Amino acid sequence: MLYVKYKELTKTFNFSNALNREDLPGYIKHYILDDEQVLVVYKTERDHGVFTDKKIVLFDSFRKYGGQKQINTIPYSAIETLSVTFSQDSADLNMVLHCGVPVHFHFLATQAEDKVRLRLLYTCINRIIDDQVPSKRDIKRLMKDDVSFER
């Protein structure tokens, strides 16, 4: 769970697949600034996680609370550490925020192209965290969803 001042904000997100940017629901586009590039959009069981070149926007619906939707934004500048772990059929992206709070993203049923996409995303985010410019080639590959395996 992610807590800010002892209030629950989010939990572990289980992403099932990447979505095409053109298929984004209209309400999600309101949370992306004009000067931001959407790198990858993932689908959870009920909602979405959007990774831009500046932040992560998480949408989470709560059925047990009368259909409420919670929207959380994590700017990359708030991330202290970042790691990625690959398993045979899944992957995990773990981060710790500057305030010491861990955040966990679990990617289910990942294929080879999903792992390439996640590796590119991890590399871009990691460079942003380190105050470096992400590789234009990596950004371009994510934007075009070019996740072919390269040797």
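Keep in mind it's a predicted model, so treat the numbers as computed, not measured. When reading the values below, keep in mind they use all heavy atoms of this one structure, side chains included, and skip hydrogens, waters and symmetry mates.
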*Between the side chains of Asn94 and His104, is a donor N or O closer than 3.5 angstrom to an acceptor N or O?*
yes
*Under 3.5 Å: donor-acceptor pair, side chain of Lys115, backbone of Ser87*: yes
*Find out whether Asn72 and Val57 are in side-chain contact, i.e. whether some heavy atom of one side chain is under 4.5 Å from a heavy atom of the other.*
no
*Quick one: does Ser148's side chain get under 4.5 Å of Asp146's, heavy atoms only?*
yes
*Of Leu121, Ile128, Asp53, which meets side-chain contact (heavy atoms from CB on, under 4.5 Å) against Pro134?*
Ile128
*Start with the C-alpha gap between Thr123 and Ser135, add the side-chain angles, then the distance that decides, and say whether side-chain contact (heavy atoms from CB on, under 4.5 Å) holds.*
CA-CA 9 Å; Thr123 303; Ser135 160; over 6 Å; no
_Using a 3.5 Å distance criterion without hydrogens, assess whether the side chain of His98 forms a donor-acceptor pair with backbone atoms of Ser77._
yes
*Minimum heavy-atom separation for Glu80 to Ile129, with atom names?*
O-CG2, 4.5 Å
*Answer whether the closest heavy-atom distance between the side chains of Ile71 and Leu58 falls below 4.5 Å.*
no
*asked:* Walk me through whether Ser90 and His106 qualify under side-chain contact (heavy atoms from CB on, under 4.5 Å).
replied: CA-CA 7 Å; Ser90 66; His106 185 64; 3.7 Å; yes
*Do Val96 and Ile125 belong together in a cluster built from hydrophobic side chains that touch within less than 4.5 Å?*
no
*What closest approach, in Å, do Leu118 and Ala91 show between heavy atoms, and which atom pair accounts for it?*
CD2-CB, 3.4 Å
*Starting from the C-alpha separation in whole Å, work towards a yes-or-no answer on side-chain contact (heavy atoms from CB on, under 4.5 Å) for Asp92 and Val84.*
CA-CA 6 Å; Asp92 296 286; Val84 65; over 6 Å; no
*May I ask you to check whether over 12 heavy atoms, not counting those of Tyr31, lie within 6.0 Å of atom OH?*
no
*Any donor and acceptor pair, going by atom type alone, linking the side chain of Arg141 with main-chain N or O of Val147 inside 3.5 Å?*
no
*Hphob cluster co-occupancy, Leu142 + Leu82, side-chain heavy atoms under 4.5 angstrom*: yes
*How close do Ile56 and Met95 get, heavy atom to heavy atom, and via which atoms?*
CD1-CE, 3.6 Å
_Connected via hydrophobic side-chain network under 4.5 Å: Val41 and Phe59_ = yes
*Using atom types as modelled and distance alone, determine if a side-chain donor or acceptor of Asp114 lies under 3.5 Å from a backbone N or O of Gln111.*
yes
*asked:* Same cluster or not: Leu19 versus Tyr42, using hydrophobic residues (I, L, V, M, F, W, Y) connected whenever any side-chain heavy atoms lie under 4.5 Å apart?
replied: no
*Keeping the roles fixed (side chain from Ser16, backbone from Lys43), state whether a donor-acceptor pair exists under 3.5 Å.*
yes
*Residue pair Lys55 / Glu36, side-chain heavy-atom distance below 4.5 Å*: yes
*How far apart are the C-alpha atoms of Leu39 and Thr52, what are their side-chain angles, what is the distance that settles it, and do they pass the side-chain contact (heavy atoms from CB on, under 4.5 Å) test?*
CA-CA 5 Å; Leu39 302 176; Thr52 75; 5.6 Å; no
*asked:* Taking the side chain as everything from C-beta on, heavy atoms only, tell me whether Gln132 gets closer than 4.5 Å to Asn126.
replied: no
*ring pair (Phe, Tyr, Trp, His ring centres under 6.0 Å), paired with Phe51, selected from Phe13, Tyr76, Tyr122, Phe105*: Phe105
_Under a 4.0 Å threshold between the charged nitrogen and the carboxylate oxygen, would Arg117 count as salt-bridged to Asp145?_
yes
_Closest approach of Cys124 to Ile139 (non-hydrogen atoms, all atoms of both residues)_ = SG-CD1, 3.9 Å
*At their closest point, which heavy atom of Tyr27 faces which heavy atom of His48, and how far apart are they?*
OH-ND1, 3.5 Å
*Transitively linked via ILVMFWY side-chain contacts under 4.5 Å: Met143 with Val116?*
yes
